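Have a look at the structure below before the remarks.
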Amino acid sequence: MKVGLVGFAGSGKTTIFNTLTGLSAEVGGYGGREKANVGVIKVPDSRIDGLAQLFNPKKKTFAEISFVDVAGPKADESEQSHSGLDPKLVQHMREVDALVHTVRAFDNAMFTETADPVRDIRAFDDELILTDLVQIETRISRLKKEKDSTRERELLERLKSALEAEHPLRDVELAHEELVTLAGFRFLSLKPLLLLLNVSEERAAADAPSEVMELAASKNLKLISMSGRAEMDISQLDADEQREFLQDLGIKEPARDRFIRAAYALLDLISFLTSGEDECRAWPIHRGTTAHRAAGRIHSDIERGFIRAEVIRFEDLIQFGSEARCREAGKLRSEGKDYIVQDGDVIHFRFNV
Ligand SMILES: Nc1nc2c(ncn2[C@@H]2O[C@H](COP(=O)(O)OP(=O)(O)OP(=O)(O)O)[C@@H](O)[C@H]2O)c(=O)[nH]1
Ligand SMILES: [Mg+2]
């Protein structure tokens with residue numbers, strides 16, 4: 001899973017990036033740095049540790065979330081000129097599975113304007129909508145020139161009307177085949193979007209202001225809030241000190257853990273597990289994925305030569321202590337291609353190529 005940290009200059013993207021990845025990229029660039037920051041976090045999963053105790057594998061592999069953090073447009077510029085988003089930034093955004101809009105809710109001497117999260121949430125969503133609209137108009141005029149009036153054009157016309165009415169594409173109901181037709185466009189307003197409210201230290205443990213919560217709800221967006229600055233400082237301490245500081249600030253759970261949960265929920269991800277003497281591993285998949293497709297996550301050969309999936313619930317494997325004992329106890333199920341994989345299934349795929 002690849003997540004893009006986006007938002008206006010100085011909203012704290014790089015600070016949040018450092019908090020989440022434990023890296024120390026330079027903050028305070030104020031829109032001036034060209035290079036993207038890239039980092040990866042491992043998703044903590046106690047089930048992998050549980051499996052490792054049984055199998056003593058050479059390797060433990062956790063699910064990963066990778067982050068891209070690119071300098072953002074300046075909020076005032078975007079309001080005045082409407083020149084649209086920088087093409088390089090757009091390119092970065094196209095490549096990610098989900099966008100996290102970092103919204104400034106702290107005051108900072110660097111800015112003449114006070115924080116106005118509601119304005120910024122609206123303005124950024126408008127930028128995404130505008131970028132998609134320009135792209136769609138270009139494509140439609142090309143199709144017109146070619147005297148093409150296929151279903152693609154009809155579909156694009158429909159999306160164009162939605163965008164013109166200021167609805168992001170994520171709010172448009174689309175059938176599976178339509179999504180397939182659209183995949184190549186990589187529209188920005190179609191990507192899952194999470195709002196991350198970056199609040200001042202004093203509000204580190206408080207709920208988001210009600211007007212922000214209401215706006216998020218009306219836009220059907222998930223919202224988490226954290227204090228980037230405070231959490232970044234804390235994330236660089238050792239575990240014991242971290243716990244102490246979090247407690248002092250009234251924060252129940254570190255930002256990284258809350259973030260991971262929100263990102264999984266946003267993308268509707270679950271993990272299935274594989275275990276053996278070589279490796280115990282968590283594999284993130286979308287909820288509702290069939291055993292056949294899940295096999296393909298591991299290797300296309302396993303998908304192609306799929307025979308069956310042998311499934312044990314993680315809890316059963318731990319309780320009975322081995323695959324053999326699970327089999328004796330009737331806890332090992334043999335499932336076919338269409339089985340819907342569940343979170344915490346430990347799967348052994350049988351295949352033949
Ligand atoms: N007071 C306060 N300052 C913060 C907080 N988070 C970030 N900052 C400061 O805001 C400034 C901008 O932070 P960055 O993380 O560089 O912002 P950015 O979104 O990466 O900015 P660009 O890369 O320019 O788009 C820096 O001076 C940070 O120290 C916060 O929670 N509270
Ligand atoms: Mg930055």
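Position 1 is the first residue of the sequence; numbering continues from there. Counting starts at 1 for both ligands and their atoms, following the listed order. No hydrogens, no waters, no symmetry mates; every other heavy atom, side chains included, goes into these values. Predicted model only: the values in this text are computed from it and were never measured.
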Quick one: does [X] get an N or O within less than 3.5 Å of an N or O on ligand 1?
X: Asp69; result: no
X: Glu201; result: no
X: Val27; result: no
X: Thr15; result: yes
X: Arg229; result: yes
X: Ser11; result: yes
X: Val70; result: no
X: Ala71; result: no
X: Ala230; result: no

Within ligand 1, which atoms have a heavy atom of [X] less than 4.0 Å away?
X: Ser227; result: 31 (O)
X: Gly72; result: 25 (O)
X: Lys13; result: 15 (O), 17 (O), 18 (P), 19 (O), 20 (O), 21 (O), 22 (P), 25 (O)
X: Gly228; result: 31 (O)
X: Thr14; result: 15 (O), 18 (P), 20 (O), 23 (O)

>> To the nearest 0.5 Å, what is the distance between CG on Leu196 and CD1 on Ile224?
In response: 4.5 Å
> Say you draw a straight line from CE of Met1 to CD1 of Ile65; how long is it, rounded to the nearest 0.5 Å?
Replying inline: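 That separation rounds to 3.5 Å.
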> Is the closest basic N to carboxylate O distance between Lys88 and Asp86 below 4.0 Å?
Replying inline: no
> Would you call Asp316 and Arg325 a salt bridge, using N to O less than 4.0 angstrom?
Replying inline: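 Between Arg325 and Asp316 there is no salt bridge, as every charged N stays at least 4.0 Å from the carboxylate O atoms.
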> So, Ser66 side chain and Val40 main chain: donor-acceptor pair closer than 3.5 Å or not?
Replying inline: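 Checking the backbone N and O of Val40 against the side chain of Ser66, no donor-acceptor pair under 3.5 Å is found.
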> Side chain or backbone of Val199 under 4.0 Å from ligand 1, or both, or neither, by non-hydrogen atoms?
Replying inline: backbone
> Any N/O/S atom of Thr14 sitting less than 2.8 Å from the Mg ion (ligand 2), backbone or side chain?
Replying inline: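 Thr14 does place an N, O or S atom closer than 2.8 Å to the Mg ion (ligand 2).
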> Is the Phe349 to Phe351 ring centre distance short of 6.0 Å?
Replying inline: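 No - the distance between ring centres of Phe349 and Phe351 does not fall below the 6.0 Å cut-off.
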> Can you check whether Phe259 and Phe67 have ring centres sitting under 6.0 Å from each other?
Replying inline: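 Yes, they do, as the ring centres are separated by less than 6.0 Å.
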> Tell me, which pairs form a side chain to side chain donor-acceptor pair (under 3.5 Å) where one or both residues lie in residues 169-188, sequence neighbours left out?
Replying inline: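 Listed by first then second residue: Asp125-Arg170, Arg158-Glu178.
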> Checking side-chain hydrogen bond (donor to acceptor under 3.5 Å, both in side chains) for the pair Thr274/Trp283: CA distance, chi angles, key distance, verdict?
Replying inline: CA-CA 8 Å; Thr274 52; Trp283 301 85; 2.9 Å; yes
> Where is the tightest heavy-atom contact between Gly321 and Leu54, given as atom of each residue plus distance?
Replying inline: O-CD2, 3.6 Å
